[in-house]
Amino acid sequence: MSLVQRFISSQLAKPEGIFGRLITFHLLEKENVEMNQVTIDSLDLNQEDNLLEVGFGSGYLLETVLKRGLCQNVVGVDLSEDMVKVVRKRLSKFLMNEVDDIRVGDIKSLPFADGQFSKLCSVNTLYFWKDVSAALSECRRVLRDDGRL
């Protein structure tokens, strides 16, 4: 893999700085609109749901869920501190519920209690997970028994 390819890959996995923000917001958000909508539809959200998105990128999916009032609360974790700052600002008018939360976190060790969420999603991030089996086990841990991934 060339130096340029490694740089792009690292920015896609954990966007940082101006370059990371530009790619995430302007390029990837447009490319992922359809996938995000399919994900929202597949989750079959209702007012009792607690949703966790792992690797939220630009925050588009979370913002869409919040704008439409599709569930009780939303929580997002992302590896990138830069994306957390930007998405907190983007969603600030929606994040009035004390249980809504946007924070730095990693799929290999989610900072949440067992069974905390009824729904969990992650769009276009699987290929960045170093240990898919462990990551899915962690997703299962934070999902309720009847939860949907």
Side-chain angles (χ1 to χ4, degrees), residues 1-46 49-66 68 70-91 94-95 99-149:
M1 183 182 295
S2 74
L3 184 60
V4 171
Q5 289 171 318
R6 279 195 303 258
F7 175 74
I8 298 290
S9 180
S10 72
Q11 285 295 317
L12 292 173
K14 185 180 176 186
E16 295 179 309
I18 293 171
F19 186 81
R21 286 191 298 268
L22 288 173
I23 284 181
T24 300
F25 273 92
H26 299 291
L27 180 62
L28 293 181
E29 185 169 294
K30 288 179 185 177
E31 291 295 317
N32 289 329
V33 167
E34 187 176 334
M35 180 65 74
N36 281 317
Q37 189 55 56
V38 167
T39 301
I40 291 168
D41 293 344
S42 297
L43 287 168
D44 192 29
L45 294 166
N46 64 61
D49 282 325
N50 298 311
L51 171 65
L52 170 62
E53 182 178 13
V54 178
F56 52 73
S58 71
Y60 176 86
L61 184 143
L62 294 174
E63 181 179 40
T64 301
V65 168
L66 287 164
R68 295 179 186 170
L70 297 177
C71 65
Q72 182 178 20
N73 72 289
V74 300
V75 175
V77 296
D78 199 285
L79 285 173
S80 171
E81 290 181 30
D82 285 358
M83 289 298 98
V84 168
K85 289 176 189 172
V86 171
V87 170
R88 278 183 183 156
K89 184 175 180 181
R90 179 180 188 167
L91 302 181
F94 300 106
L95 299 177
V99 294
D100 291 334
D101 188 12
I102 303 300
R103 67 168 86 174
V104 174
D106 191 333
I107 188 69
K108 64 185 176 190
S109 180
L110 293 170
F112 305 108
D114 295 356
Q116 184 171 339
F117 300 98
S118 57
K119 306 286 173 74
L120 187 150
C121 66
S122 189
V123 177
N124 291 332
T125 62
L126 181 70
Y127 33 78
F128 297 117
W129 299 354
K130 304 257 188 273
D131 183 341
V132 174
S133 180
L136 289 173
S137 291
E138 187 65 358
C139 290
R140 182 69 197 109
R141 181 188 67 77
V142 301
L143 270 174
R144 293 188 331 212
D145 288 341
D146 62 345
R148 180 178 285 189
L149 173 63

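Under the 4.5 Å side-chain criterion, counting only non-hydrogen atoms from C-beta, N36 is not in contact with T64. With contacts defined as side-chain heavy-atom distances shorter than 4.5 Å, the pair I107/F128 does not qualify.
With rounding to the nearest 0.5 angstrom, the CG atom of L51 is 8.0 Å from the CG atom of N73. Separating the CG atom in L70 from the CG atom in D41 is a distance of 9.5 Å, to the nearest 0.5 Å. Between the NZ atom of K130 and the NZ atom of K108 there is a distance of 8.0 Å, given to the nearest 0.5 Å. To the nearest 0.5 Å, atoms OG (S42) and NZ (K119) are separated by 10.5 Å. Between the CD atom of E53 and the CD1 atom of I102 there is a distance of 8.5 Å, given to the nearest 0.5 Å. R103 CZ to E81 CD: the interatomic distance, rounded to the nearest 0.5 Å, is 13.5 Å.
In terms of the ring-ring contact (aromatic ring centres under 6.0 Å, His included) criterion, residue partners of F112 (sequence neighbours excluded) are, by chain and number, F117. Annotation: side-chain hydrogen bond (donor to acceptor under 3.5 Å, both in side chains) contacts of D44 (sequence neighbours excluded): none. Qualifying side-chain contact (heavy atoms from CB on, under 4.5 Å) partners for T39, counting only residues two or more places apart in sequence or in other chains: M35, L43, L61, C121, V123.
Side-chain atoms of D101 never come within 3.5 Å of backbone atoms of V75 as a donor-acceptor pair (strictly under, hydrogens ignored). The closest donor-acceptor contact from the side chain of R144 to the backbone of R148 lies at 3.5 Å or more, if one exists at all. The main-chain N or O of G57 is found under 3.5 Å from a side-chain atom of D78 such that the two form a donor-acceptor pair. Although no hydrogens or angles enter the test, the distance criterion places a donor-acceptor pair under 3.5 Å between the side chain of D49 and the main chain of N46.
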L143/E138 under side chain to side chain contact (heavy atoms under 4.5 Å, CB included): CA gap, chis, key distance, verdict:
CA-CA 9 Å; L143 270 174; E138 187 65 358; over 6 Å; no

Assess whether side chain to side chain contact (heavy atoms under 4.5 Å, CB included) is satisfied between V54 and T125, documenting all intermediate values.
CA-CA 8 Å; V54 178; T125 62; 5.6 Å; no

